[in-house]
Amino acid sequence: MHRREFLRICGRSAGAMAFGPGVVLQSCESQPTLPEPDERLTLRIPRTMDAGDALLAAGAAELDLGSYTSRGWGYNGTLPGPTLRTRVGDRARIRVLNQLSEETTIHWHGMVVPASMDGHPADAVLSGAGYNYEYPIAQRAGMNWYHPHPHGRTGRQIWRGLAGAFIVEDPAAEQGLPSGDREIPLLLRDGLLDGSGPFEYRRRDSGMVGDFPLVNGVPYPRITLAPALHRFRVLNAANARVFRLGMSNGSRFTLIGNDGGLLDQPVDLDRIDLGPAERVDILLDLSDQVVGAGLSLRCSRAGWDLLEIHVVGEPNGETVIPTAFSAIQLLPVGPGTRRRHFRFEGHRRINGREYRMDEVGFRVPLGETEIWEFESAGGAPHPVHVHGAHFQVLSRSGGRGRVFPWEQGWKDTVLLEDRERVEIAVRFDSYTGIYLLHCHQLEHEDAGMMLNFEVT
Ligand code: C2O
Ligand code: CU
């Protein structure tokens, strides 16, 4: 795709055509951004695949951006890759083929799986080879995701287009929530307006940040919905961008879940800050929207209307938002709980060290609760991610100074801004073996802000 073609489709024609090479586009919070188009493209819903019998081929692809294609990489040729679905108690069986010309692995982000199935960089799948990932689904329902995790190349491979959602269902726990076409997965990321295409990777230590939004692979899409309650399952799949989500008209919505599944109670909110790799599960009640009225899911940090929502049709049935979900047990912590401290420094170090694939940083006993303290020392935001278990956020001091409603319950990634200290409680209950702790700002991760630990 050519820059001019992209501008024609995506830009407000008059304004966009006036941009020459190197001209700074509409500026918002000092980042150049591509203006939204007059005519929006329709949101794509990725096709669903049963994780019990799935085949994912990672390879070069002409990625479909709605009305044109651009060269990138995809799982089964698409961005996002197919949405995998499974149920608590089932078994995932996923064959992965590496049709790239370099090594890759797949990490099932948020899935608690045996170490050999976790997509650790040491378990690289060579070009032309395959790997059979198989594991039981023994965790709470929620939206997770899958993406590459090869040594030093994760940022590039995800940016090129390799990522998809992985939904674990539990019909009993999710009773009464919107489903079918009222349950909409939204994979958010950004792309770069660049002569060589939006998926051209330009590594920057400070993070690969694009200048226009892609929602399920479509720039600035729209969706037409009935005046009813909808469930949006939102994933920040960007390399380095933090989204500040809200509705364009300031209306409130209901947060029901996050990384590790449903909260114990819904929370009414008007904004959420979502760091890379974090997820939120939200209910949006469109039943009293004026039919024909437009509103958008907005990122107020970037000034982007990410998804325009058009309400069309007759309201049918009343809207019932559940008042509670199953209770969340707090991990037992006390004065005797073992503590560890991790300092995320600049762009590449944890506690003064860069990642070494063959080095185990520390050992954690299976089944014991620990308190881990993450400290941000320059280079933030650092979205800190733990493999092998979910955790609970206990506190945040410095910086924003509080734990936000979207950080309750079970998490696997927590955002650290500048000068923040965050304490989590974590317990590895499922498997022994080597797992990763790392920054999910992918350029930090690739530069070495990652650590192996062993559950023993
Ligand atoms: Cu989403 Cu270690 O990664
Ligand atoms: Cu970082």
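- With respect to R339 and E423, a salt bridge is recorded, a charged nitrogen being found less than 4.0 Å from a carboxylate O.
- Here the closest non-hydrogen pair linking R44 and N216 is O-ND2, 2.8 Å.
- R140 contributes a side-chain N or O that, together with a main-chain N or O of G260, makes up a donor-acceptor pair within less than 3.5 Å.
- Taking the six-membered ring for Trp, F232 and F253 have ring centres at least 6.0 Å apart.
- Residues A173 and L262 approach most closely at O-CD1, 3.5 Å, considering heavy atoms.
- Taking the side chain as every heavy atom from C-beta outward, D259 and T413 approach each other to under 4.5 Å.
- Side-chain rings of W108 and Y133 approach one another, their centers coming within less than 6.0 Å.
- Taking 4.0 Å as the cut-off between side-chain N and carboxylate O, E370 and R427 do not count as a salt-bridged pair.
- Taking the six-membered ring wherever Trp is involved, the centroid distance between the rings of F212 and Y220 does not fall below 6.0 Å.
- Put simply, the side chain of D118 never gets that close to the backbone of H107: no donor and acceptor are under 3.5 Å apart.
- Looking only at distances, no side-chain donor or acceptor of R348 sits under 3.5 Å from a matching main-chain atom of E354.
- Between R156 and E102 there is a salt bridge, since a side-chain N of the basic residue sits under 4.0 Å from a carboxylate O of the acidic one.
- Residues N76 and T78 bring no donor and acceptor atom of their side chains to less than 3.5 Å of each other.
- Looking only at side-chain heavy atoms (C-beta outward), T105 and P148 stay at 4.5 Å or farther from each other.
- When all heavy atoms are compared, the tightest approach of E407 to K411 is O-CG, 3.9 Å.
- Pairs passing the side chain to side chain donor-acceptor pair (under 3.5 Å) check and including a residue from residues 170-179, sequence neighbours excluded, read E174-R231.
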Only pairs under 3.5 Å count here: list side-chain donor-acceptor contacts from residues 263-270, not counting sequence neighbours, and write none if there are none.
| from | atom 1 | to | atom 2 | distance (Å) |
| --- | --- | --- | --- | --- |
| D268 | OD2 | R252 | NE | 3.1 |

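- Minimum heavy-atom separation, V242 to P381: CG2-CG, 3.9 Å.
- No close placement of the W73 and Y201 rings is indicated, their centers lying 6.0 Å or farther apart.
- Rounded to the nearest 0.5 Å, atoms CD (Q441) and OG (S206) are 7.5 Å apart.
- For H385 and W145, the ring centers are positioned 6.0 Å apart or more.
- Side-chain contact between V218 and T42 is absent, with no heavy atoms from C-beta onward closer than 4.5 Å.
- Of the inter-residue distances, the one linking E454 atom CD with I434 atom CD1 reads 5.0 Å to the nearest 0.5 angstrom.
- A distance of 6.0 Å or more separates the ring centres of F391 and F428.
- Between M450 and H444 the shortest side-chain heavy-atom distance does not fall below 4.5 Å.
- Using a 4.5 Å heavy-atom cutoff, the side chains of V215 and L187 are not in contact.
- Atom OG1 in T48 sits 5.5 Å away from atom CZ in R85 (nearest 0.5 Å).
- Taking the six-membered ring for Trp and thresholds of 30 and 60 degrees, Y135 and F166 have ring planes inclined between 30 and 60 degrees apart.
- Here the straight-line distance linking atom OG of S70 with atom CD of E62 works out to 7.0 Å at 0.5 Å rounding.
- A distance of 9.0 Å separates OG in S397 from CD in E375, rounded to the nearest 0.5 Å.
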side-chain hydrogen bond (donor to acceptor under 3.5 Å, both in side chains) evaluation trace for N132 with R95: CA-CA 5 Å; N132 293 326; R95 168 125 187 102; 2.8 Å; yes
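- Taking the six-membered ring where the residue is Trp, Y435 and F453 present tilted rings, their angle falling between 30° and 60°.
- For R189 and W159, the positive end sits near the middle of the six-membered ring, less than 6.0 Å away and at most 45° from its axis.
- Residues T86 and E169 are not in side-chain contact: their nearest non-hydrogen atoms beyond the backbone lie 4.5 Å or more apart.
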Please determine whether side-chain hydrogen bond (donor to acceptor under 3.5 Å, both in side chains) holds for the pair T319 and S287, giving the CA-CA distance in whole Å, both sets of side-chain angles, and the decisive distance to 0.1 Å. CA-CA 7 Å; T319 295; S287 60; 3.2 Å; yes
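- A donor-acceptor contact under 3.5 angstrom links the side chains of E443 and N239, judged on distance only.
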Show your working on side chain to side chain contact (heavy atoms under 4.5 Å, CB included) between M357 and H120 and close with a plain yes or no. CA-CA 9 Å; M357 199 160 68; H120 190 279; 4.2 Å; yes
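- The pair E359-R353 meets the salt-bridge criterion, since a charged nitrogen lies less than 4.0 angstrom from a carboxylate oxygen.
- With respect to the salt-bridge test (charged N to carboxylate O, under 4.0 angstrom), the residues D412 and R279 qualify.
- H382 places no side-chain N or O within donor-acceptor distance of the main-chain N or O of L415, the cut-off being under 3.5 Å.
- Classification of R233 and D281 as a salt-bridged pair holds, one side-chain N sitting under 4.0 Å from a carboxylate O.
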R400/D273 under side chain to side chain contact (heavy atoms under 4.5 Å, CB included): CA gap, chis, key distance, verdict: CA-CA 12 Å; R400 294 168 296 159; D273 287 342; 4.2 Å; yes
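- With respect to H438, the ring-ring contact (aromatic ring centres under 6.0 Å, His included) criterion is satisfied by exactly one of H151, H109, H149: H149.
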Where do I424 and I371 land on the side chain to side chain contact (heavy atoms under 4.5 Å, CB included) test, with the steps shown first? CA-CA 6 Å; I424 64 160; I371 296 174; over 6 Å; no
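- Checking E417 against S376 by side-chain atom types alone, no donor-acceptor pair falls below 3.5 Å.
- In this structure the side chain of V393 never reaches within 4.5 angstrom of the side chain of Q408, judged on heavy atoms.
- The CG atom of D90 lies 7.5 Å from the CG atom of D50; values are rounded to the nearest 0.5 Å.
- For the pair R87/I137, no side-chain contact is recorded, criterion being any heavy-atom separation below 4.5 Å from C-beta on.
- Note: F243 and W304 have tilted aromatic rings, judged against thresholds of 30 and 60 degrees for the angle between ring planes.
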